[in-house]
Amino acid sequence: MEKIGFIGLGRMGLPMAANIMKGGYELHVYDVVASQLEAAIAKGGQSCSSVAEVVEKSDILITMLPNSAIVREVVSGGADAILSYAKKGQLVMDMSTVSPETTDFIAGCCADKDIDFIDAPVGRLASHADAGQSLFMVGGTEAGYQRVLPLLKLMGSDIFHCGGQGAGTRTKLVNNFLAISYCQMNAEALSLASGFGLDLDSTLDVLYGTTAVNGQLKIAWPAKVLSDDKAPGFTIDLAHKDLSLVVEAANTQAVSMPMAAAAREAFNLARSRGFGGDDFSAMLDVHCDLNQLDAPRLSKGSKYKPN
Ligand code: NAD
């Protein structure tokens, strides 16, 4: 059995480390905060007094740290950094949420030392980490992925190999953009409902029964724009009209809806570029066109392609 090093034993790292130990692995743990280190030792971790000691005693080195700067420092920064001591055959797996530039930089530093690197940021909440039910977005080689898979299975229930090094971190940003933006969208929608004096349960009954809870991406888009079908459906012109009704009604109620206003302008821009008659899922093509990107399409064999 490989020996595991775990650096960063905070709200996420501590339960993740504990779940690896439940699988029978020898775990060498380190954190700059004594109380966090002690909590990991209480769960069966073997205490290390430095990064150097973790590297010396482990085959796979996991980092679960707050941010990009700290990850760079711990992996490749100063004298007591993982890569100051790591040797060929060891593997570094960073599970923190960091910038793509940080992941690419660290992957490059690891490659210079012939050390495999995996980025595997975590989806879902701390409560899922407690229960070993996290979701992982993994970037790296197939060999590296297979090597860390037994550990990921102990820490989580849904594991996706998203592509080569950096694909995990990049997928995480796409995911978190939607997951977090929806907090603002939800806030605006339920504020408007409150301004209208609507009953919350009745409102939720309706929202959960339509594409409002991002059924667009899950149901409508695979059949429409992602399958190259932009025939309306529901046109961008009509969607713009409805967003105008929303923004104007909210203004009448003195309810501020910044995302709704921004979305209305985006739909208006699409109209100005001649897309008003297309299905409203074609907003994807408008946005990709503005950014000089290829518009994504499902491949013929994609599991997301409707029958
Ligand atoms: P946290 O602040 O609770 O834990 C980070 C740990 O790293 C702390 O114990 C801290 O003492 C330790 N640390 C800081 N600098 C260190 C160093 N130089 N050497 C060793 N240890 C050091 O944060 P968290 O909530 O566990 O999040 C960790 C990462 O996971 C973040 O990147 C976060 O964005 C991401 N994430 C968090 C959640 C969540 O719900 N909390 C969910 C998904 C992803």
Side-chain angles (χ1 to χ4, degrees), residues 4-20 27-43 45-58 60-86 92-106 109 118-139 148 151-152 155-160 162 166 168-183:
I4 313 302
F6 208 113
I7 301 172
L9 304 158
R11 180 61 191 91
M12 296 295 285
L14 187 60
M16 289 160 68
N19 284 325
I20 292 176
L27 202 79
H28 299 275
V29 291
Y30 178 68
D31 195 293
V32 283
V33 174
S35 58
Q36 295 305 124
L37 185 56
E38 280 156 21
I41 295 164
K43 291 182 185 296
Q46 301 195 16
S47 177
C48 293
S49 58
S50 64
V51 170
E53 190 179 350
V54 182
V55 177
E56 184 195 324
K57 293 181 172 169
S58 313
I60 294 178
L61 299 142
I62 300 175
T63 48
M64 191 52 172
L65 295 161
N67 57 43
S68 298
I70 295 176
V71 170
R72 276 183 189 236
E73 183 67 20
V74 169
V75 178
S76 59
D80 192 38
I82 289 173
L83 291 178
S84 302
Y85 309 102
V92 174
M93 175 161 67
D94 180 41
M95 307 191 74
S96 325
T97 303
V98 297
S99 68
E101 291 74 22
T102 297
T103 296
D104 294 348
F105 175 76
I106 289 169
C109 293
I118 292 282
D119 49 300
V122 184
R124 300 188 181 146
L125 307 171
S127 54
H128 295 101
D130 294 340
Q133 288 175 351
S134 294
L135 178 151
F136 299 115
M137 295 150 262
V138 187
V148 298
L151 304 174
L152 296 176
M155 295 185 278
S157 53
D158 294 271
I159 301 152
F160 299 100
C162 301
T169 288
R170 288 174 168 84
T171 305
K172 169 79 176 169
L173 296 194
V174 172
N175 177 76
N176 278 25
F177 163 65
L178 277 182
I180 295 170
S181 296
Y182 262 93
C183 288

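Read the numbers this way: they start at 1 and go in the same order the structure lists the ligands and their atoms. All values below were derived from every heavy atom in this structure, side-chain atoms included, with hydrogens, water molecules and symmetry-related copies excluded.
- Listed by number with element, the atoms of ligand 1 under 4.0 Å from a non-hydrogen atom of Val74 are 17 (C), 18 (N), 19 (N).
- When atom types are taken as modelled, the side chain of Ser76 and the backbone of Arg72 share a donor-acceptor pair closer than 3.5 angstrom.
- In the vicinity of Val33, heavy-atom distances shorter than 4.0 Å reach the ligand 1 atoms 11 (O).
- A distance-only check finds no donor-acceptor pair linking the side chain of Ser68 to the backbone of Thr102 [under 3.5 Å].
- When hydrogens are left out, the protein atom nearest atom 3 (O) of ligand 1 is Arg11 N, 2.9 Å; that is the closest non-hydrogen contact.
- At the top of the distance list for atom 16 (C) of ligand 1, counting protein heavy atoms only, stands Val32 CG2, 3.5 Å.
- Scanning the protein for heavy atoms near atom 29 (C) of ligand 1, the closest one is Leu65 O, 3.4 Å.
- Of the N or O atoms in Gln36, none lie within a sub-3.5 Å distance of an N or O in ligand 1.
- Within the 3.5 Å criterion, the main-chain N or O of Pro15 finds a donor-acceptor partner in the side chain of Asn19.
- Each of the atoms 7 (O) of ligand 1 lies under 4.0 Å from some heavy atom of Gly8.
- Using a 4.0 Å threshold on non-hydrogen atoms, atom 23 (O) of ligand 1 does not count as touching the protein.
- Nearest protein heavy-atom neighbour of atom 40 (O) of ligand 1: Ala126 N, 3.6 Å.
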task = Kindly determine whether Arg11 and Asp130 satisfy salt bridge (Lys or Arg N to Asp or Glu O under 4.0 Å), including the steps that lead there.
result = CA-CA 9 Å; Arg11 180 61 191 91; Asp130 294 340; 2.8 Å; yes
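- Using a distance-only test at 3.5 Å, with no hydrogens or angles considered, a donor-acceptor pair links the side chain of Ser181 to the main chain of Phe177.
- Residues that satisfy the salt bridge (Lys or Arg N to Asp or Glu O under 4.0 Å) test with Asp104, not counting sequence neighbours, are Arg170.
- Here the protein heavy atom with the shortest distance to atom 30 (O) of ligand 1 is Met64 CE, 3.0 Å.
- Side chain of Arg124 to main chain of Gln133: a donor-acceptor pair is present (N/O by atom type, distance under 3.5 Å, no hydrogens or angles).
- Distances from ligand 1 to the non-hydrogen atoms of Met95 include no value under 4.0 Å.
- Looking at Thr103 and Asp119, their side chains never bring a donor and an acceptor atom within 3.5 Å of each other.
- For ligand 1, the polar-atom distance check against Pro66 finds a nitrogen or oxygen pair separated by under 3.5 Å.
- Each of Leu61, Val74, Val75, Val55 was evaluated against Leu83; a single residue qualifies, Val75, per the side-chain contact (heavy atoms from CB on, under 4.5 Å) test.
- Proximity of a side-chain donor or acceptor of Asp31 to a complementary backbone N or O of Gln36 within less than 3.5 Å is not detected.
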Donor-acceptor contacts, no H, no angles, side chain residues 45-53, under 3.5 Å, sequence neighbours left out:
from: Ser49; atom 1: OG; to: Glu53; atom 2: OE1; distance (Å): 3.0
from: Ser50; atom 1: OG; to: Ala52; atom 2: N; distance (Å): 3.4
from: Ser50; atom 1: OG; to: Glu53; atom 2: N; distance (Å): 3.1
from: Glu53; atom 1: OE1; to: Ser49; atom 2: N; distance (Å): 2.8
from: Glu53; atom 1: OE2; to: Lys57; atom 2: NZ; distance (Å): 2.7

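- Among all non-hydrogen protein atoms, the one lying nearest atom 33 (C) of ligand 1 is Thr97 OG1, 4.0 Å.
- Scanning the protein heavy atoms around atom 8 (C) of ligand 1, the nearest turns out to be Asp31 OD2, 3.5 Å.
- Here is the list of ligand 1 atoms found below 4.0 Å of a heavy atom in Arg124: 42 (C), 43 (C).
- Numbered from 1 in the order shown, with element, the atoms of ligand 1 that lie under 4.0 Å from a heavy atom of Ile7 read 20 (C).
- Backbone and side-chain nitrogen or oxygen atoms of Met12 are examined, and one is located within less than 3.5 angstrom of a nitrogen or oxygen of ligand 1.
- At least one donor-acceptor pair closer than 3.5 Å links the side chain of Ser96 to the backbone N or O of Leu65.
- Within ligand 1, the atoms closer than 4.0 Å to a non-hydrogen atom of Ser96 are 32 (O), numbered from 1 in the order shown.
- Contact atoms of ligand 1 toward Gly10: 3 (O), 4 (O), 6 (C), 8 (C), 9 (O), 26 (O) (distance under 4.0 Å to a heavy atom of the residue).
- Protein heavy atom closest to atom 43 (C) of ligand 1, with residue, atom name and distance, is Val122 O, 3.5 Å.
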